[in-house]
Amino acid sequence: MPAITLPDGSVRRFDAPVTGTALAAAIGPGLARAALAMKLDGRLVDLACQIDHDARVVFITRRDPEALELIRHDAAHVLAEAVQTLYPGTQVTIGPAIENGFYYDFHRNEPFTPEDFPAIEAKMREIVARGAPFVRSVVERGDAIAFFERRGERFKAELIRDLPADQTITFYRQGEWTDLCRGPHMRTTADVGSAFRLMKVAGAYWRGDHRNPMLSRIYGTAWRDQKELDAYLHMLEEAEKRDHRRIGRDMDLFHLQEEAPGSVFWHAKGWRLYRTAESYMRRRLDAAGYQEVRTPQLVDRSLWEASGHWEKFREHMFIATVEDEDRVLALKPMNCPCHVQIFRQGVRSYRELPLRMAEFGACHRYEPSGALHGIMRVRAFTQDDAHIFCTEAQIAPETVRFVELLASIYRDFGFPEFRVKFSDRPALRAGDDAVWDRAEGALREACATAGVAYEVNPGEGAFYGPKLEFVLRDAIGRDWQCGTLQVDFVMPERLDAEYVGEDGARHRPVMLHRAILGSFERFLGILIEQYAGRFPLWLAPVQVAVATIVSDADAYAAEVAAALRAAGLAVALDTGNATIKAKIREHSLAHVPVILVLGRREAEARTVALRRLGGEAQEMLGLGDAVARLAAEAAAPDLPGRAAA
RNA sequence: GCCGACGUAGCUCAGUGGUAGAGCAACUGAUUCGUAAUCAGUAGGUCGUCAGUUCAAUCCUGACCGUCGGCACCA
């Protein structure tokens, strides 16, 4: 006698168990047509599911956000059927719904190529048009394994074997085609609709392990209707337009070339951007009580052996040798061992702690070739690195200070929001459990004090300690990990750092490894994409374009440009032989934030016509006024005299 | 590193077994013009590198390098 509560609070009573389909029909024909699945006491299930107890039921229709996941999951099944129909002998593995779409991993001797897409998509549309119902069945484990083994589906058989013993094994059949699946699904393949598209193929290791066979993965995207699909495709185009690699080239910021894979050639304009960010960071660190240092690039292997890098990190290190000397040097992949060397010079007192040692540390890491990505993932990069040597009691207050500094810096760069992930002890780690208890406890306490909410990333900590990771969200919703704070009890031990305490005895300091931007290369790449090249004035590599209308204004324009440069602004003087329309177009495409237009009138009146990027209005200003205003506006956000636009 | 795709002028891209084109950019000239493209002309390429097949290779084959999309990696 189930009593079913609906979202509007009404209750329907039935004499016998009832399916979602029947319940929907009982409520009304409109709902019966629209319902795709239902939430039974909060759990998403098939409409065919029997309701045999008192329950709350919410029907899912195409309008609900949950529909997306159902559509994508069903689309994955349709894809798999299409592929197996067209390419007999292909084995199926897994095919989940993912953000924006779905994929399915297949095993086939010959991998798929995008040229196969038209045929597969056509077959998928056939299957959707056929509208075969998804039929769920519960299968006994042995039968399920036998079913797939009979078909030569050894991956599926392996999956079933590895399912927990108490797991109910279910199949979903659509017409002639059956897959192992936990569900739920919509009513029929027709519910997938037509707003899907196959996107790309990729290799993917079976069960995500690189020792396993490589499968052929087909990615697709699927939406509730054509409009959503179009919007998604349009978003992808927009994302491509703000790709830092394209903008970096178009704005003449940097380039990469074959001879130096993973290393950036910064051009003058890009380097100006870099220096602006670096100067800003240096001022912030100075003000926050850090002392900046500089340590060697090439360091003897003995130090890396002592630090543990030689053992744990060697495959990522560039090794250098010379002919005349029998020694092995390595380009530093991290700065911490070098900072400990500075700490170890002389006898340190507890009075010096916390000692905040910062370096814009140029590091090299041999990243796998497949990991390289523009300037975001490189082999040579510069970290805004620092190590805070402190006592255990200082971990919490230092964390609080750090998070405040980080939040303020992210805000200044235009990222008001960030997320925090707490990565705790990994399986392979140095230090005993008591040390880890202390380190994690201290970091947790520090987060509480700082009011930092975090999600836990289990087992993802560094081998020497737990860490916080600070993740930025950019203008188009992508996440980027930048900042980090790592608590380290191990490195001071290994490299024998110590200080004399209040009690006159020697103690080990704790090291906090921390970075805010992460690496300049990566952070600047993120900034480029965040702003799509249209930087705020203080960051813009060219801040003002001075463009003449007629050559009679050239001399005055040179004077204006000189005055702006004297005020510290980056100026492009354009007295070229082109129309003002062409000049404005050129500088607008180059994302120069301010264009000063100078004709005879301005030259005579000693004024400028100021035009903002993307705007149509212009503002007439006296020369002195304009220079003062732009200089104030272009000041970095931490500087006094900064003025808003 | 693994799977796949790709590599032709600075950029975007055509193209062919008989050693290459377009648009934009660049350069030169004319034009001096008031807010997102003035006109005309000129120059520019070992067709990623190295082998192989062929009378002949940018094109076909192989290896390598690099890039792109994923996977794995991101200590």
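Reminder, nothing fancy here: chain letters follow the sequence lines and each chain counts from 1. Just so you know, these numbers use all the heavy atoms, side chains as well, and skip hydrogens, waters and symmetry mates.
Here the separation of B:rU61 from B:rG18, taken at their P atoms, is 16 Å to the nearest Å. Taking the P atoms as reference points, B:rC47 lies 22 Å from B:rC55, given to the whole Å. Rounded to whole Å, the separation between the C1' atoms of B:rA36 and B:rA40 comes to 23 Å. B:rA9 and B:rA5: their P atoms are spaced 22 Å apart (whole Å).
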Can you give one letter per nucleotide of nucleotides 69-75 of chain B, going 5' to 3': B for a protein heavy atom under 4.0 Å from the base, S for sugar-phosphate only, - for none? BBBBBBB
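A:Ile595 comes within contact range of no nucleotide atom at all, as no heavy-atom separation falls under 4.0 Å. Residue A:Ile584 is in base contact, counting any heavy-atom pair closer than 4.0 Å across all strands shown. Using a 4.0 Å heavy-atom distance criterion, A:Ala609 is classed as a base contact. Here A:Glu602 lies in heavy-atom contact (under 4.0 Å) with a base. At the heavy-atom level, A:Gly374 lies under 4.0 Å from the strands shown only through sugar-phosphate atoms.
For A:Phe112 and A:Tyr87, the ring centers are positioned less than 6.0 Å apart. With ring centers used as reference points, A:Tyr104 lies under 6.0 Å from A:Phe106.
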Below 3.5 Å is the cut-off: list the nitrogen or oxygen pairs between protein and nucleotides 27-30 of chain B, distance only.
| unit_1 | atom_1 | unit_2 | atom_2 | d |
| --- | --- | --- | --- | --- |
| B:rA30 | N6 | A:Asn577 | ND2 | 3.1 |

Find every protein N or O atom lying less than 3.5 Å from an N or O atom of nucleotides 44-46 of chain B, and list the pairs.
none

Taking only N/O atoms, report every protein-nucleotides 11-15 of chain B pair under 3.5 Å with atom names and distance.
| unit_1 | atom_1 | unit_2 | atom_2 | d |
| --- | --- | --- | --- | --- |
| B:rC11 | O3' | A:Arg249 | NH2 | 3.4 |
| B:rU12 | OP1 | A:Arg249 | NH2 | 3.3 |

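Distance A:His244 NE2 to B:rU67 P: 12 Å, rounded to the nearest Å. Rounded to whole Å, atom C1' of B:rG4 lies 14 Å from atom CG of A:Asp105.
A search for side chain to side chain donor-acceptor pair (under 3.5 Å) contacts involving A:Thr607 returns nothing, not counting sequence neighbours. Here A:Glu237 pairs with A:His234 under the side chain to side chain contact (heavy atoms under 4.5 Å, CB included) rule; sequence neighbours left out. Residues satisfying the side chain to side chain contact (heavy atoms under 4.5 Å, CB included) test with A:Ala231, not counting sequence neighbours, are none. The ring pair (Phe, Tyr, Trp, His ring centres under 6.0 Å) search around A:Phe313 returns A:His316, not counting sequence neighbours. Annotation: ring pair (Phe, Tyr, Trp, His ring centres under 6.0 Å) contacts of A:His591 (sequence neighbours excluded): none.
Of all nucleotides present, none satisfies the Watson-Crick or G-U wobble test against B:rU54 with each distance under 3.5 Å. Nucleotide B:rA9 forms no Watson-Crick or G-U wobble pair with any nucleotide shown, as no partner meets the under 3.5 Å limit on both distances. As the counterpart of B:rA72, no nucleotide is assigned, since no Watson-Crick or G-U wobble pattern has both distances under 3.5 Å. Across all strands shown, B:rC47 forms no Watson-Crick or G-U wobble pair with both key distances under 3.5 Å.
Here A:Glu521 does not pair with A:Arg365 in a salt bridge; the nearest charged N to carboxylate O distance is not below 4.0 Å.
In this structure, A:Arg438 places its CZ atom where more than 12 heavy-atom neighbours from other residues, nucleotides or ligands lie under 6.0 Å away. When the shell of 6.0 Å around CD of A:Glu69 is examined, it contains 12 or fewer heavy atoms from other residues, nucleotides or ligands.
With B:rG66, B:rU35, B:rG34 as the candidates, the nucleotide lying closest to the side chain of A:Arg600 is B:rG34.
The stretch residues 584-608 of chain A participates, sequence neighbours left out, in these salt bridge (charged side-chain N to carboxylate O under 4.0 Å, His left out) pairs: A:Asp552-A:Arg600, A:Glu559-A:Arg606. Counting only residues at least two apart or in different chains, salt bridge (charged side-chain N to carboxylate O under 4.0 Å, His left out) contacts with residues 97-117 of chain A comprise A:Asp105-A:Arg217.
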Run the side-chain donor-acceptor check on residues 380-388 of chain A: report pairs under 3.5 Å with partners two or more places apart or on a different chain.
| unit_1 | atom_1 | unit_2 | atom_2 | d |
| --- | --- | --- | --- | --- |
| A:Thr382 | OG1 | A:Tyr274 | OH | 3.4 |
| A:Gln383 | OE1 | A:Asn335 | ND2 | 3.1 |
| A:Asp384 | OD1 | A:Leu517 | N | 3.1 |
| A:Asp384 | OD1 | A:Gly518 | N | 2.9 |
| A:Asp384 | OD2 | A:Ile516 | N | 2.9 |
| A:Asp384 | OD2 | A:Leu517 | N | 2.8 |
| A:Asp385 | OD2 | A:Asn335 | ND2 | 2.8 |
| A:His387 | ND1 | A:His339 | ND1 | 2.9 |
| A:His387 | NE2 | A:His513 | ND1 | 3.1 |

Starting from the C-alpha separation in whole Å, work towards a yes-or-no answer on salt bridge (charged side-chain N to carboxylate O under 4.0 Å, His left out) for A:Lys421 and A:Glu460. CA-CA 10 Å; A:Lys421 292 196 278 187; A:Glu460 293 292 317; over 6 Å; no
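Taking the nucleotide of RNA chain B with the nearest heavy atom to each of A:Thr579 and A:Thr113, the more 5' of the two is matched to A:Thr113.
For a distance-only test at 3.5 Å, the side chain of A:Glu616 fails to qualify as a donor-acceptor partner of the base of B:rU35.
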